[in-house]
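Here is the structure we will look at.
For ligands, and for the atoms within them, numbers begin at 1 and follow the listed sequence.
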Amino acid sequence: VKALDLKIDELASPEYAPVVNRAEKRIEEAIIYALVSERLQKDEIEILSFPIAVMMTAAAKDPFLKRRYALAEAKRAYNLLKLENKEKIMEIAKVFNWKIKPSERQKAPTETATYDFALGFVDFLRNTANFREKKWKLVNRLVHKGHVYLTKDEAARLIAEEIRVHIEKKLDVKGLALPENIVKRVSVLKQLFSRQRGKIRLEEMPKEVVIAAFPPCIKELYNAILSGRHSSHVGRFALTSFLLNIGMTVDNVVDLFRTLSDFNERMTRYQVEHIAGGKGSRTKYIPPKCETLRTHGVCPGMDEICRKIRHPLSYYRRKLRILKTKAPVASGA
Ligand code: SF4
């Protein structure tokens, strides 16, 4: 790409239309499917379209879109890496300065997996920090002399995470002056993204979160935030602590507040992390009980289940049980 000595202005030329089309498609696929397709028919289009898609995503100036795009590219990378041989995986890992070597312990008598690599534990920890599955916890891994043993598929997954972080950093570029035709495409993509937002939120919710089991107070607060309406301080605290307690991540909750006109990422993240117990006191807060919410005007009126409980979280658990006995619960439904 460097050798082409391409200037941003030249992207307006029809000669580059196929590349810009593919760049636009990459972002569109990320928005709609959360995955960029593999399409490797024409290397020159595929390779050049990536930095252009990065510029276009950066120009959209939407942190939520940036995260989604980086993740979609990382998933694409993972799907391609899985098909590569061990030697190539090692070479790519070294681009990120990983301390990686082929596994000398193919299989211990009590282990079911055959390990392909041994990775320095610092690289392992850095790339698993955002993973929630138990298998990624260091205590559940085979570790020997500072190295964590991995299968080829696991190594591909960790490289994909490294790629995600790498792309997110690239998306932080500021002050881009793009040609008019590209700016127009960026604005079309932004419109598409805002139309898809509600759906994306549901998709990104952890599987265990069931909106249909929310109590009336939380449903009202949740819908208010989604439509960009402000709630009282107590209302916001009740909603945040409720969502964190039923399994939503800090990122999920921060994203929820993005629609507010005065959204401030740093401040919101700090407050959400505090309520999640990740900052300051290390106490994970629970929502106020019904009585307190009624006093502060957050209770919109009780339904039948409300009459049997005294806390919004009890409502949620009870309603979940009812839904489960009626039909298999669809996630996020
Ligand atoms: S009674 Fe409690 S759970 Fe029901 S809506 Fe009011 S505050 Fe929420």
Query raised in the report: Can Arg294 be said to touch ligand 1, with heavy atoms closer than 4.0 Å?
Result: yes

Report task. Would you mind running through ligand 1 and noting each atom that sits below 4.0 Å from a heavy atom of Met302? Result -> 1 (S)

Report summary line: Nearest non-hydrogen protein atom to atom 2 (Fe) of ligand 1, with distance, is Cys290 SG, 2.4 Å

**Report entry** Protein contact to atom 6 (Fe) of ligand 1 [nearest heavy atom, distance to 0.1 Å]
**Finding:** Cys299 SG, 2.4 Å

Report task. Give the numbers and elements of all ligand 1 atoms closer than 4.0 Å to a heavy atom of Pro215. Result -> 3 (S)

Query raised in the report: Does Cys306 bring an N, O or S atom to under 2.8 Å of atom 4 (Fe) of ligand 1?
Result: yes

Requested in this report: Applying ring pair (Phe, Tyr, Trp, His ring centres under 6.0 Å), run through Phe242 and Tyr222 and close with a yes or a no.
Outcome: CA-CA 11 Å; Phe242 179 89; Tyr222 180 76; 9.7 Å; no

Query raised in the report: Can a salt bridge be assigned to the pair Glu84 and Lys152 using a cut-off of 4.0 Å between side-chain N and carboxylate O?
Result: no

Query raised in the report: Are any of the side-chain nitrogens in Glu46 or Arg26 under 4.0 Å away from the carboxylate oxygens of its partner?
Result: yes

Report task. To the nearest 0.5 Å, tell me how far Leu178 CG sits from Met56 CE. Result -> 8.0 Å

Query raised in the report: Is the gap between the ring centers of Phe117 and His147 under 6.0 Å?
Result: no

Query raised in the report: Which bit of Cys217 gets closer than 4.0 Å to ligand 1, counting heavy atoms only: side chain, backbone, both or neither?
Result: both

